[in-house]
Amino acid sequence: MDWTAKAPIGLFQKWMQVWGEINRRSYGLAIFPFIVLLIFLFPQSISATESFLMPLGPVAHEQKTHFFWATALTMVAILPVFILVPVILIKYRRKKGKGIYAPKWESYGPLEVIMWGVPFLVIFVLSFMLWRATISLDPYEEIEGVVPPISVQVVGLDWKWLFIYPELKIATVGELVVPVHTPVSMILTSDTVMQSFWIAALAGQIYVMPGMTTKLNFIATQNGKTQGENTQYTGKGFTGQKFDVLIKNEEAFQAWVAQVRARGIALDSETYNRLAMRTTRVEVQKELGTAQMPEHALYFTLTDPQLFQSVVMRYHSGKPLNMEQQPGTEKFGQGEDAAEGAQP
Amino acid sequence: MNIMDYGWLGKLSWDSIVFSKLFTNFSVSEVVASTAGSIVIFATVAILFLLTWFRVWGTLWSVWLTSTDHKRIGIMYIVFALVMMTRGLLEGMVMRAQQAAAPDGFLYADHFAQLFSTHGTIMIFFVAVPFVVGLVNYVMPLQIGARDVAFPVLNQISLAITASSGILLMVSLVVGEFSTGGWSAYPPYTGTDFNPGVGPDYWIWAIVFSGAGTTLTGINFTVTILKCRAVGMGFFRMPMFCWTVLCSSILMIFAMPPLSVAALMLGFDRYLDFHFFTNDLGGNMMNYANLFWLFGHPEVYLLVLPAYGIFSEVFSTYSAKRLYGYKSLVFATMSIAVLSFTVWLHHFFTMGQSPTINIVFGIATMLIAVPTGVKVYDWMATMYRGRIRFTTPMIYSIGFLILFVIGGLSGVILANPTVDFQVHNTLFLVAHFHNVLIPGVLFGLLAGYNYWFPKAFGFRLDERLGKWSAYLWIVGFMLTFFPLYGAGLLGMPRRSFSYMDLTFKPYMLVAFIGAMVVLCALVTLILQLLVSLRDRKKNRVPVGDPWDGRSLEWSISAPAPSYNFAELPRVTDRDEFTETKEQGRAYQPPKVYRNIEMPRNNPLGFILCVLSGILMFALVWYIWWLALITALAIIVVVIASTFRWDSEQIIPASQVQQDTERWLELVKNTEPVGRDLENTPQNNGYAKLEH
Ligand code: HEM
Ligand SMILES: [Cu+2]
Ligand SMILES: [Cu+2]
């Protein structure tokens, strides 16, 4: 057994020794993936702000840490492959190879133990980390903060997100503003097909499904701006289903709330039905936007505090919904009974 | 509209033809669509014309289309897979071009969505599956020393309905449009409310029929391995490939039904106003997600296990050494097969279930990495202390070894629910599954194609172009998919036909260049076949053992006789043929020649192919009378065919004797060659003993 016997140092020296040969030959392919992987994984990422690699809160930060740990630990099982495959190929190549030849050699106990043992240990450690992280980053778990959490109800529509702040009696489309250092507690649903809600810099994805609710909790610890989006393909407006996320300090947040209250239009059922049509945010902005609102967002005041619940309950009436009554379809809001049937 | 309200032609009208849109709405996107449609039509006409011109209809019918020979069926499967692969790859290139050109782009969103849906569906169901099934068909009965699979006509039927489903996908390029719901076709998006067109119906019927074909194949292969092995071939003397095939066939039997059921239920929703997965009346799409992935995850192991088997054969043959850790590998294969049913939930960690459930499925997923890792180490140990030859299959295998572990790494990363929350549905995931599907499955299949080709056709494939193609595949793969890891980590969602954030642009440009390299790999692959056909006289290997093979398939002539073995072998060792060669028992005439009973040709498969194709088309387009007639016809034909009594033919002993003696004569007059001359015209398939 010449590799189990030798110390890693020996291996390393051997590796350096074969380097020259590798570069002269096409075996260079073996290290090519490495280099490419390195180039593409890291340098560019510095500039991105919509990624968990540039976290704005502890959830995304821990996810990032976990990502690197998982990568590093798995390397323990993988590096031997990268190193030993070229070594074996060179040493045991038919032409000019120097290694001994043992055509009937087919099993060796200690080696077998290493082969099963190493990956098993790595996976054992990783599983332990997985367990802890999955519990501690459970998106349903409210985050403890110095201040009580602010709650936001999220409705996925084709192709925009509606954010309802039930306690503040306001709602927005295209812009989510949260106060810094304040836990955010979201409850989410969809009023069309399934979508996947995501603010990468703050927290992971969670699906939103019609007639069902899911939850997402996070906290922002830095002022800043990022983007959120839907990652589940839902048709032609899908790539435009993005929104700005602004993290403000308390005063700025309150000022923003006041602004929304002052400038927002009432979110009554007719307005809601307009929103729920199969349109992009830009299109609906043209219909509903006013001069006081910013270009990329719609502001509303909440008239019906039960709006979110009634969106969820739309699918539990026990009565069939035809296309005219189903938000997100091409015919929604076009039938005669639309006004009445589509009441959320 | 009620489903009965349609006329004689159902939903079909002039507007359904792809070219009509070229007139009503001229744009690059429609030009691309029409070009694709024209290629289909042109290719069909050209093939029909050539077949007529060369007057080969008769041969085609009697030698191929009605054949029940597992070898011919295998070859037909592979031809079909390669044709579909060309389409699938071209679609990949078009998508890469679109994303490289974004934010401008040249395709409509819906067109792009059809591309990723057909690409995914084709690559999985009509490239990977038939390629695997084809190779297994050809090789497995030879390796276990059988004359055919257990149910030859069933085999034909499996091919028939797989092919007709594939043809249906080709038809969707010309008539109507395909689904935009991705290969997973999640409702409610694919339900009638959101997608009233025929797209999802094309998907449903293609999946239901080809899925039934694959299930039947699984049954066929399992029974073949359990019941038809040669005398003396205990389970632990089976070549590794047969073990992986056994596991994979069992997966086919248990994994395909959930998919068929899910697709049919979606069909019930769409056609008959059921509410399994609708938003209203208690439907729940989460059930679909569970059913789909209950199939979907075992599916990838169903594909990759036989590829592992191929790699095992290749590593051991070209290292001229026994496979290291056979028992370990068997155990690892079995564990993977079992574990693959316990992990499906990792495809939707983000659905909002409790962390406990995510933990269980996350850890189960990671556990699969253990036997997989063991396999990789076993292959390395197989090369260790060997005499490694860098042939084309070996290049693919080494590329696989290095690249696949990167896919494994990203797989382990994705198994962490917390990390998955951040990379789910992004290009990171796309990079991951291509990373396991291309180096893992496709490289294995291409290695197998190069490895067994001489056995099937009696001449070697061109080695120089083969190597070129392999290198281009490796480099092209890396350039295309490594950037996607980066773009995914930066948050680019999958299935994006465009993006505003120009951070992604450089990644997409590199990926596009990579896709062009893959295109070169494809062209080289085709060129290799053409050049080899030209040089077929020079590269003949009639004796049948061009690579100094180790298992039974190499012990017979190339191409193999229709009955495979003049006398069924008796097996005494795992590397049976190597053993016989070393003991000087190879190339012996049988003691007695006997009559051999083989299944007769049967038109059933072809008839079912046509009928099922028409049935699917009629169902997609709501042409009820046609659907009814073809459905009834299928039933009648199947029942009628059971009344065929003369389903066997006898190959007389004299014929067998004549064939065998001629071949043995040839062996005697052939110069054995050493491995250094393996890829020269001197290699006539008679391997010199070298150690
Ligand atoms: C090397 C050539 C290939 C290229 C350039 C390519 C390209 C692509 C692209 C651009 C996508 C869409 C990604 C997205 O969602 O944004 C895709 C999806 C996909 N590809 Fe490939 N691909 C290739 C080979 C393969 C192979 C060999 C397989 C399988 C054996 C495969 C299976 C799939 C599947 C299953 C999807 C998912 C489709 C969906 O989103 O529903 N691809 N590919
Ligand atoms: Cu749900
Ligand atoms: Cu899976």
Side-chain angles (χ1 to χ4, degrees), chain A residues 30 33 36-37 40-41 45 48 50-53 63 66-67 70 74 77-78 81 84-85 88 92-94 99-107 115-116 119-120 123 126-127 130-131 133-135 137-138 193-194 196 200 204-207 210-211 214 231 233 236 239 315 320-321 323 326 329, chain B residues 109-110 188-189 193-194 279-281 285 320-322 324-325 328 350-352 355 358-359 362-363 366 369-370 373-374 376-377 380 383-389 401-403 405-406 409 412-413 416-419 421-422 424-425 474 478 482-483 485-486 489-491 493 495-496 498 503 691:
Chain A
V36 181
L37 200 64
F40 286 113
L41 275 184
S45 51
E50 283 87 46
S51 164
F52 72 115
L53 299 179
Q63 285 165 326
H66 194 130
F67 169 78
T74 314
I78 285 179
V81 179
L84 290 173
V85 167
I88 293 174
Y92 298 101
R93 68 191 190 279
R94 181 182 165 84
I100 49 167
Y101 178 44
K104 306 265 169 197
W105 183 70
E106 59 174 343
S107 116
M115 282 177 171
W116 283 92
F120 192 80
I123 294 306
L126 278 172
S127 302
L130 178 152
W131 188 316
T134 307
I135 300 243
L137 294 181
D138 176 14
V193 300
M194 185 185 90
S196 184
Q205 294 170 48
I206 193 87
Y207 284 167
T214 45
T231 65
Y233 185 80
K236 67 175 193 285
T239 51
Y315 302 100
L321 291 176
M323 263 171 97
Q326 169 64 60
T329 65
Chain B
D110 269 356
Y189 181 70
D193 280 357
F194 297 95
N279 286 352
D280 56 344
L281 294 181
M285 60 75 57
K321 187 163 161 283
R322 265 176 179 257
Y324 177 88
S328 236
T350 48
M351 212 176 239
N358 279 352
I359 290 169
I363 293 180
M366 280 192 177
V370 177
V374 171
V376 169
Y377 299 149
M380 286 163 61
M383 294 191 290
Y384 176 77
R385 290 184 175 170
R387 283 269 178 276
I388 304 168
R389 278 127 59 202
L401 216 50
I402 299 285
L403 294 174
V405 290
I406 299 177
L409 166 66
V412 170
I413 293 173
N416 289 278
T418 38
V419 181
F421 289 165
Q422 284 286 3
H424 177 60
N425 266 353
I474 293 174
M478 290 193 290
F482 285 159
Y485 278 123
L489 287 176
L490 297 186
R495 301 175 179 170
S496 300
S498 181
T503 322
H691 37 266

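Chain letters run A, B, ... following the sequence lines, proteins first, then strands; residues in each count from 1.
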Report yes if the side chains of B:Y377 and A:P119 come closer than 4.5 Å at any heavy-atom pair, otherwise no. yes

Apply side-chain contact (heavy atoms from CB on, under 4.5 Å) to B:L281 and A:L321, showing your working. CA-CA 8 Å; B:L281 294 181; A:L321 291 176; over 6 Å; no

Would you mind checking which part of B:V405 comes under 4.5 Å of any heavy atom in chain A, side chain (CB onward), backbone (N, CA, C, O), both or neither? both

A:G204 versus B:Q422, closest heavy-atom pair with distance: N-NE2, 3.8 Å

Evaluate side-chain contact (heavy atoms from CB on, under 4.5 Å) for A:F67 paired with B:L489, printing each intermediate quantity in order. CA-CA 10 Å; A:F67 169 78; B:L489 287 176; 3.8 Å; yes

Side chain, backbone, both or neither: which part of A:Q326 has a non-hydrogen atom closer than 4.5 Å to chain B? side chain

Could you grab the distance from atom OG1 of A:T231 to atom NE2 of B:H424, nearest 0.5 Å is fine? 6.0 Å

Supply the atom-to-atom distance A:Y233 OH to B:S496 OG, rounded to the nearest 0.5 angstrom. 10.0 Å

Do you know which of A:S127, A:G211, A:A70 has the most heavy-atom pairs with chain B at a distance under 4.5 angstrom? A:S127

Measure the CD-CZ distance between A:E106 and B:R322 for me, rounded to the nearest 0.5 Å. 4.5 Å

Do A:I100 and B:R385 make a side-chain contact, defined as non-hydrogen atoms from C-beta onward lying under 4.5 Å apart? yes

Atom of A:I88, atom of B:M380 and distance for their closest heavy-atom approach: CD1-O, 3.6 Å

Just verifying a value: how many Å separate A:L126 CG and B:M366 CE, rounded to the nearest 0.5 Å? 4.5 Å

Just wondering, do B:F421 and A:L137 contact through their side chains at under 4.5 Å, heavy atoms? no

Return the NE2 to CD1 distance between A:H66 and B:I413, rounded to the nearest 0.5 Å. 9.5 Å

Do you know which of A:A200, A:G99, A:A133 has the most heavy-atom pairs under 4.5 Å to chain B? A:A200

Most contact-rich option vs chain A, by heavy-atom pairs under 4.5 angstrom, among B:L401, B:T350, B:V419, B:V376, is B:T350

Report the option among A:T74, A:D138, A:I135, A:L130 that has the most heavy-atom pairs separated by less than 4.5 Å from atoms of chain B. A:L130

In the structure I gave you, are the side-chain heavy atoms of A:Q205 and B:N425 within less than 4.5 Å of one another anywhere? yes

Min side-chain heavy-atom separation B:Y324-A:M115 under 4.5 Å: yes

Minimal heavy-atom distance between A:Y207 and B:M351, with the atoms involved, is CD1-CG, 3.5 Å

Can you confirm if the aromatic rings of A:W105 and B:Y384 lie within a centre distance of less than 6.0 Å? yes

Let me know if A:S196 has heavy atoms under 4.5 Å from chain B in its side chain, its backbone, both or neither. side chain

Rounded distance (nearest 0.5 Å) linking atom OH of A:Y315 with atom CG of B:D280: 8.5 Å

Is chain B contacted by the side chain of A:P210, its backbone, both, or neither, given a heavy-atom distance below 4.5 Å? side chain

Any donor-acceptor pair under 3.5 Å linking the side chain of A:Y101 with the backbone of B:A320? yes

Given side chains that start at C-beta, do those of B:I363 and A:I123 come closer than 4.5 Å, heavy atoms only? no

